[in-house]
Amino acid sequence: MENQYIIKGGTPLHGEVNISGAKNAALGILAAAIMTDETVVIDNLPNVRDINVLLDAIEGIGATVNRISPHAVEINGSTISSMTIDYDSIRKIRASYYLLGALLGKYRRAQVALPGGCDIGSRPIDQHLKGFRALGASVNIEYGMINTEADQLRGNHIFLDVVSVGATINIMLASCMAEGKTIIENAAKEPHIVDVANFLNSMGAEIKGAGTDKIRITGVQRLHTSEYSIIPDQIEAGTFMIAAAATKGDVLIKNVIPKHLEAISVKLIEIGATVEEFDDAVRVSASQRLRHSQIKTLPYPGFPTDMQPQIATLLALSEGTSTVTESIFENRFKYVDELTRMGASIKVEGNVAIIEGVEGFTGTTISAPDLRAGAALVVAGLVSEGYTTVDSIKYIERGYENFEDKLNALGASMEKIPVDDERAVQKFKLKVG
Ligand code: UD1
């Protein structure tokens, strides 16, 4: 049954929230975990749908997956019997294409369905395939499947034409057991690239320079067991930072790496919020209406595209005219129509949103168009006057663990209820008054 959120807005968020493990790091790390025949233990796993879907795909090719707890899993790749990831898996979770690099690197062959476009635009994977070819693999696309194999994988010097997180991770996976040295130039520098590299190194790989635009990989013969804890989720943390500022609250966001949040912190300070950094926490508060700004999404360490809908929502409530330029994905403004229904004043021209700040939003029924935009609409609901219902929350659940529980613990009034359940709506309204 489909669920929706019902939110009564207007309460500033106060208190402390614990951030879960990084979903996007976990996706790369789980794929990497199948590359050894020894058992690997991965901790601080976020308990979100994307992770569970990838674990199903990993089990589907025969690996042994033992979920020790909601946040820890044991994986043994010695029992893998299939090299094929079908369209059903890739449709549910694009990042199952990391199994292409992992299987190719380990077994020298793999067959993975070609992912289609998605809610945020066309998403080519030419750079991933260029990398595999450079390592000596043949890559053919037939009947919707990418077939790749190699007698031998040999290290090479690879220049990425665009900075791609996915291609950087996939090439690291495919090359870490190749013969000789691989250099990835113009590599992505996101924190989760570093986390995947650190995990591979903990299994015996030799990867240097992750976090810079030049990654050097010396192939090793085999990888071995490891116990590894995933870094905190930069985007989940950023979303709570925005929620704290938008509701004019005061929230201590714990279990984060403040360095990873700098692009967000700097913008929040620039528009008038207060951000305090601690060793593994940030505290965000705001007491008055914030100011306008100009934002452009860029690869790390620039402002993350995955925070674009959330910051635009905040700017839609801030004083003056702001612009938000989306330079990574072509179709990431789908939430704008929903925000407009709540009273926002935003015009999209090409890849730029021109935002005239309004004093406040009013609640209505809206629908989450994708994961991050969905989270932004929840933030909009939290600040709106009256009741907001957010449909299609399955997108939000792909990447936010216990979103409603974490927000309610900070003083929000929201609940997950079945779609079209009028009695549940009435019950919620009676409860929150
Ligand atoms: C990852 C994140 C996603 C985030 C994005 C950008 C995961 C699982 N997902 O997605 O949440 O929004 O990084 O930070 O980590 N491109 C090509 N050819 C390619 C690959 C990419 O042209 O072969 C283009 C894309 O269309 C896009 C840009 O490069 O315009 C960046 O994409 P990329 O960094 O690859 O994003 P993902 O890894 O898919």
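For this chain, numbers begin at 1 and follow the sequence in order. Here the structure is a predicted model, which means the values were calculated and not measured. As the structure lists them, so they are numbered: ligands from 1, and atoms in each ligand from 1.
- Contact atoms of ligand 1 toward Gly166: 35 (O), 38 (O) (distance under 4.0 Å to a heavy atom of the residue).
- Of all the heavy atoms of Asp306, the ones lying under 4.0 Å from any atom of ligand 1 belong exclusively to the side chain.
- Taking a cut-off of under 4.0 Å to the non-hydrogen atoms of Thr305, the atoms of ligand 1 that pass are 6 (C), 12 (O), 14 (O).
- Of all atoms in ligand 1, numbered sequentially from 1 with element shown, those under 4.0 Å from a heavy atom of Arg123 are 10 (O), 37 (P), 39 (O).
- Looking at ligand 1, you'll find an N or O of Val165 within less than 3.5 Å of one of its N or O atoms.
- Using a 4.5 Å heavy-atom cutoff, the side chains of Gln234 and Tyr300 are in contact.
- A salt bridge links Arg222 with Glu38; the closest basic N to acidic carboxylate O contact falls under 4.0 Å.
- Taking the charged nitrogens against the carboxylate oxygens, Asp50 and Arg398 do have a contact shorter than 4.0 Å, which makes a salt bridge.
- In this structure, Asp161 pairs ionically with Lys130, as a charged nitrogen and a carboxylate oxygen lie closer than 4.0 Å.
- Note: an N/O pair closer than 3.5 Å links Gln127 and ligand 1 by distance alone.
- For the pair Arg332 and ligand 1, a heavy-atom separation below 4.0 Å is found.
- Listed by number with element, the atoms of ligand 1 under 4.0 angstrom from any heavy atom of Tyr97 are 38 (O), 39 (O).
- The proximity of Ile328 to ligand 1, defined as any non-hydrogen pair under 4.0 Å, involves the side chain as well as the backbone.
- Of the heavy atoms in Lys23, none comes closer than 4.0 Å to ligand 1.
- The shortest heavy-atom distance from Ala167 to ligand 1 is not under 4.0 Å.
- Here is the list of ligand 1 atoms found below 4.0 Å of a heavy atom in His192: 15 (O).
- Every heavy atom of Glu330 sits 4.0 Å or more from the atoms of ligand 1.
- With respect to Lys267 and Glu270, a salt bridge is recorded, a charged nitrogen being found less than 4.0 Å from a carboxylate O.
- A tilted orientation is assigned to the rings of Phe403 and Tyr400, their planes being inclined by 30° to 60°.
- For the atom pair Arg49 CZ and Ile93 CD1, the distance stands at 11.5 Å (nearest 0.5 Å).
- Of the N or O atoms in Ser164, one or more lie within a sub-3.5 Å distance of an N or O in ligand 1.
- Under a 4.0 Å heavy-atom criterion, Asp161 is not in contact with ligand 1.
- Glu2 is linked by a side-chain hydrogen bond (donor to acceptor under 3.5 Å, both in side chains) to nothing, counting only residues two or more places apart in sequence or in another chain.
- Contacts between Tyr300 and ligand 1 below 4.0 angstrom, taking non-hydrogen atoms only, are absent altogether.
- Counting heavy atoms closer than 4.0 Å to ligand 1, residue Val163 contributes backbone atoms (N, CA, C, O) but none from C-beta onward.
- A heavy-atom distance below 4.5 Å is found between the side chains of Arg94 and Arg123.
- Salt-bridge check for Lys92 with Asp88: passed, with a basic side-chain N closer than 4.0 Å to an acidic carboxylate O.
- Contact annotation: for Asp126 versus ligand 1, heavy atoms closer than 4.0 Å belong to both the backbone and the side chain.
- We find that Glu404 and Lys406 are not joined by a salt bridge, their nearest charged nitrogen and carboxylate oxygen being 4.0 Å or further apart.
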